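Before any comments, here is the structure.
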Amino acid sequence: MDDANDFFSSNDAEIFLGLNAQQAQAVSVIDGPLMILAGPGSGKTRVITHRIAYMLQQGVPAERILALTFTNKAANELGHRIQRLVPGQFVWAGTFHRFCSRLLRQYGTFVGLSDNFSILDMDDATKLFSQVWDEAKVQDDFVSTAAVQSEISNAKNALIRPEDYRARVGNPAGKVVEKIYPLYQKKLVQCNSVDFDDLLLWTAIILQENEELRERLDERFAYIMVDEYQDTNLAQYAIVRSLSNDYPNLAVTGDPDQSIYGWRGANIGNILGFERDYPNVQVVRLEQNYRSTQKILGVADRLIANNRLRKPKRLIATQEVGQPVRMKSSSSPQDEALWISSEIKNLISEGVWEPKDFAIFYRANWLSRNLEHELTAAGIPYQLVNGFEFYQRKEIKDLIAYLRLIVNPKNDVAFERVVNSPARKIGKVTLDRLHDMARASGASLLEVCQNALQQPSSLGRAASSIQKFVAQIQQLQTVPWNNVRKVLESVLEVTSYAKILEADQTEMSSERLGNIDELLTAAAEFDKQHPEDGGLEAYLETAALVSDTDKLDGDVNHVKMMTMHAAKGLEFPCVYIVGVEEGILPHERSSKSEKDVEEERRLFFVGITRAQKELTLCHCEGRMRRGTFAMCPPSSFLMEVLGPELERVRPSEYKKSFGHWQNESRSGFRPPKPTERDWVEDECGGSSFDIADYEDNDDRLSNGSLTKGNESAAPKVSRNQAPDPSRGPARGIRESATSFSNRISTAAEMFEDQDLATELGEKASATSDGHEQPAFCVGGLVQHPEYGPGKIVALSGSPAKPYISVYFFSVGPKKFRADFCDLRVISNPRN
DNA sequence: AAGTTGGAAGTTTTT
DNA sequence: CTTCCAACTT
């Protein structure tokens with residue numbers, strides 16, 4: 001460090017200020033290949049920013065620097081920090097996928113894509129894939145679409161093109177992939193679309209096949225930095241290599257111990273083999289951890305030491321010893337959630353921490369349910385970072401699909417999504433016919449429609465609907481693309497999308513209108529933030545490539561909940577990791593091979609090392625699975641981690657935490673009783689119980705009989721059956737309260753007067769020849785061809801979708817669409 | 001055409 | 001306990 005300061009001019013002082021020796025070394029090496037092995041919390045982002053600042057200061061033009069990150073969030077933060085350090089300089093930083101998307105907009109013609117291509121998200125790609133699957137009439141009953149789709153994804157990530165794919169022996173999906181992969185890829189190109197994997201695949205192919213272009217881009221991006229290099233796959237590796245051949249000023253940062261995307265084709269060998277790929281590489285190790293307490297690091301260290309496929313690496317603590325890492329056992333996820341929420345509530349009210357200091361991690365998104373419920377009940381604000389967010393909702397996908405179709409008329413997936421949304425009476429039959437025509441002519445669905453309208457008879461009854469739809473799209477194509485919000489408003493107006501929802505007047509449609517409002521606001525915000533580089537195409541690219549993690553706002557004072565995958569790169573003072581159970585953390589589907597288990601262990605390692613001050617590892621004795629309560633043994637990882645830093649949460653604390661709930665009367669909830677098991681432990685356990693118990697009882701742990709039979713679960717089961725106010729009513733009773741009460745009273749009436757039935761029957765036969773049909777009225781009597789006579793109980797719905805509820809003598813209550821049903825009015829109440 | 005219902009099936013992680 | 005899909009209803 002001192003040497004470094006002597007060597008560099010005084011201008012450098014600011015850039016090197018406060019860096020340790022290794023960090024300074026990593027910053028100062030800007031020419032030639034460099035590998036930065038950065039443990040968790042070692043100031044990696046800082047090194048990257050300062051290194052870029054140093055390059056700029058050394059006269060490297062900003063446009064020749066390329067920073068590739070894993071998430072948009074990381075890229076944005078990088079950009080932000082560079083701006084702070086070197087104001088006024090613009091360095092391109094973004095994800096691989098975004099970078100590739102930009103290249104393909106320019107050079108996609110090499111592989112048959114025009115510059116307005118669409119990026120399909122997972123949903124759309126799957127939709128297109130199953131169409132191809134259906135068309136190919138796959139006979140094999142033994143492979144699933146999902147297996148084949150994921151095998152194709154693997155092939156793409158491994159840079160295997162459709163024509164080169166050969167089934168490997170022992171791979172049941174292989175033969176089907178051989179057949180489907182080329183068809184799927186052909187269809188994608190026909191639709192002028194790419195899936196996520198294609199962004200990488202096509203870019204790699206273009207760079208491989210166009211030496212002149214490769215040289216130009218290699219020179220253009222003379223300085224490249226790749227973050228999270230341990231998570232790059234073969235395609236990404238190939239792209240990076242192509243761009244750093246003549247100008248091998250490539251710096252990669254990463255940590256083999258944090259490689260958690262092997263299932264997506266990430267090859268940990270890329271970072272382990274970096275020294276082999278690039279001769280004369282300089283290696284810098286950042287081993288000082290500035291984030292976590294010594295105890296937390298001790299636990300992390302002991303865990304990861306169990307991995308065999310790794311380079312041993314130290315984590316040197318610089319923080320205080322800290323509080324013990326806690327291990328908490330609960331009888332059920334409900335109890336676990338209640339315990340966590342009440343503890344967080346107490347810590348907040350005591351002023352120890354703020355909501356935003358807490359994070360709760362889990363292996364899979366569904367594990368957040370109970371937590372959400374209890375945090376809501378406790379009034380703790382939280383933010384969920386999960387997979388089913390804004391852009392997944394139907395109305396949002398519909399509107400985005402309109403935009404995609406406007407930009408790329410060949411996008412058949414978008415066409416299918418919107419052609420009957422809002423409802424235009426264009427159904428399966430019509431769509432099948434359009435598909436046949438498209439297959440025959442090789443044209444896109446929209447083109448087929450346009451052509452067929454020359455002879456409307458070929459479209460049958462749907463011709464006029466299609467005519468209208470095509471006219472709407474054509475009208476929308478004339479709207480200028482520079483203002484996204486205006487385009488969206490035009491879509492809403494031209495298609496009457498919002499108007500139809502407004503007319504519906506149900507709870508769901510008003511929620512959808514709210515979401516649409518939110519989308520309009522977001523679009524306006526995008527327009528504002530991108531006055532130069534915005535517009536419809538840029539917006540669609542952003543919409544396709546944003547992830548939910550990117551939206552995470554650390555400034556908002558909320559508890560954060562997310563998967564451990566999403567937690568990568570983040571840090572929080574207090575961390576809870578839930579569901580540390582065998583079958584969940586190592587996940588049962590990742591327990592086949594040692595390699596898989598090691599990746600699970602790295603995932604746990606990532607979770608643990610996010611914690612700065614306090615860490616609690618939680619597991620349940622059992623949980624509901626497939627409708628029944630099942631026992632859950634604690635994760636084998638927990639046993640690997642046992643040691644002096646670890647402390648079991650003692651039942652006395654458990655009781656104390658619940659005291660709060662017991663004093664508060666909440667309707668609908670019973671204060672949970674400490675389970676029998678907790679009491680037993682309280683008596684015979686003691687402070688030294690925990691570690692010894694786990695170490696000496698492998699057999700008990702492995703067969704999950706640590707609990708004392710089912711007694712401890714009993715109170716939970718009843719809690720489980722209590723109605724859950726956060727979810728809607730179960731199917732089957734999903735009727736409005738009014739119509740339900742109506743039905744009860746009517747039923748009572750009906751049963752009092754049994755003779756009414758015969759009377760009604762007689763009246764019905766008397767009026768059976770067709771008179772003018774009077775309007776339906778509540779209380780009126782009607783005749784149904786199958787069910788016989790009945791009484792009108794309620795009228796509901798909207799003018800567009802009127803419903804009628806009838807109580808029949810023969811079969812009880814029934815509900816029909818009033819404009820479709822075959823009901824004859826016998827009498828009205830006032831007659 | 002479109003909504004409702006019953007039965008079978010299934011629970012990873014994400015650019 | 002949920003979610004998806006095919007069959008059935010109007």
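Keep in mind it's a predicted model, so treat the numbers as computed, not measured. Chain letters run A, B, ... following the sequence lines, proteins first, then strands; residues in each count from 1.
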[X] side chain near [N] phosphate (N/O to OP1/OP2, under 4.0 Å):
| X | N | value |
| --- | --- | --- |
| A/N72 | B/dT15 | no |
| A/R589 | B/dT11 | yes |
| A/T71 | B/dT15 | no |
| A/N365 | B/dT14 | yes |

Notebook entry, point to check: In terms of ring plane angle, is the pair A/F361 and A/F572 parallel, tilted or perpendicular, where the classes change at 30° and 60°?
Noted result: perpendicular

Given [options], which nucleotide is nearest the side-chain atoms of [X]?
| X | options | result |
| --- | --- | --- |
| A/R264 | B/dT15, B/dA1, B/dT13 | B/dT15 |
| A/A364 | B/dT11, B/dT15, B/dT12 | B/dT12 |
| A/W263 | B/dA1, B/dT13, B/dT15 | B/dT13 |
| A/K425 | B/dA1, B/dT14, B/dT15 | B/dA1 |

Next item on the list: In whole angstrom, give me the gap between the P atoms of C/dC4 and B/dT13.
Entry: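 After rounding to an integer number of Å, I get 14 Å for this pair.
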
Check: What distance separates A/I224 CD1 from A/I239 CD1, expressed to the nearest 0.5 Å?
Finding: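 Result: 10.5 Å between the selected atoms.
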
How would you label the contact of [X] with the nucleic acid (heavy atoms, under 4.0 Å): base, sugar-phosphate, or nothing?
| X | answer |
| --- | --- |
| A/T430 | sugar-phosphate |
| A/T628 | nothing |
| A/A544 | nothing |

Could you check how far [atom1] of [X] sits from [atom2] of [N], rounded to whole Å?
| X | N | atom1 | atom2 | answer |
| --- | --- | --- | --- | --- |
| A/D124 | B/dT14 | CG | P | 19 Å |
| A/R102 | B/dT15 | CZ | P | 20 Å |
| A/F196 | B/dT13 | CZ | P | 15 Å |
| A/D134 | C/dC5 | CG | P | 11 Å |
| A/N233 | B/dT14 | CG | P | 17 Å |
| A/F361 | B/dT14 | CZ | C1' | 17 Å |
| A/M564 | B/dT14 | CE | C1' | 15 Å |
| A/R98 | B/dT14 | CZ | C1' | 16 Å |

Next item on the list: Could you tell me whether the side-chain ring of A/H587 sits stacked on the base of B/dT12, using a centroid cut-off under 5.5 Å and a plane angle under 30°?
Entry: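 Given the distance and angle limits, yes, they stack.
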
Check: Do we count A/Y261 as stacking onto B/dT14 if the rule is ring centres under 5.5 Å and planes under 30°?
Finding: no

Margin query: Looking at A/K595, I'd like to know if its NZ atom is crowded, meaning that more than 12 non-hydrogen atoms belonging to other residues, nucleotides or ligands lie closer than 6.0 Å.
Written below: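 Open: at most 12 neighbouring heavy atoms sit under 6.0 Å from NZ of A/K595.
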
Checklist line | B/dT11 base / A/W366 side chain donor-acceptor hit below 3.5 Å | finding: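 Answer is no: no donor-acceptor pair is held.
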
Note to self: Could you check whether A/R623 makes a cation-pi contact with A/F629, meaning its NZ or CZ is under 6.0 Å from the centre of the six-membered ring and within 45° of the ring axis?
What the structure shows: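 Because its charged atom misses either the 6.0 Å distance or the 45° angle limit, A/R623 does not stack over A/F629.
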
Next item on the list: With A/R264 as the cation and A/Y261 as the aromatic partner, state whether NZ or CZ is under 6.0 Å from the six-membered ring centre and within 45° of the axis.
Entry: yes

Check: Would you call A/R589 and A/D596 a salt bridge, taking side-chain N to carboxylate O under 4.0 Å as the test?
Finding: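 Salt bridge between A/R589 and A/D596, a charged N being under 4.0 Å from a carboxylate O: no.
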
Next item on the list: Could you tell me whether A/E541 and A/R102 have a side-chain N and a carboxylate O separated by less than 4.0 Å?
Entry: no

Notebook entry, point to check: Taking for each residue the nucleotide of DNA chain B bearing the nearest heavy atom, is the 5' side occupied by A/E600 or by A/N420?
Noted result: A/N420

Check: Which sits closer to the 5' end of DNA chain B, A/F96 or A/R363, going by the nucleotide each is nearest to?
Finding: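 Nearest-nucleotide comparison on DNA chain B picks A/R363.
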
Next item on the list: Return yes if some donor-acceptor pair links the side-chain N/O of A/R98 with the main-chain N/O of A/L545 below 3.5 Å, else return no.
Entry: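 Here the side-chain-to-backbone pair does not exist.
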
Checklist line | 5'-to-3' dot-bracket of DNA chain B (Watson-Crick, G-U; under 3.5 angstrom; crossing pairs as [ ]; | other strand) | finding: ||||||||||.....

Checklist line | Worked verdict on A/K127 versus A/E416 for salt bridge (charged side-chain N to carboxylate O under 4.0 Å, His left out) | finding: CA-CA 10 Å; A/K127 214 169 257 170; A/E416 276 199 65; over 6 Å; no

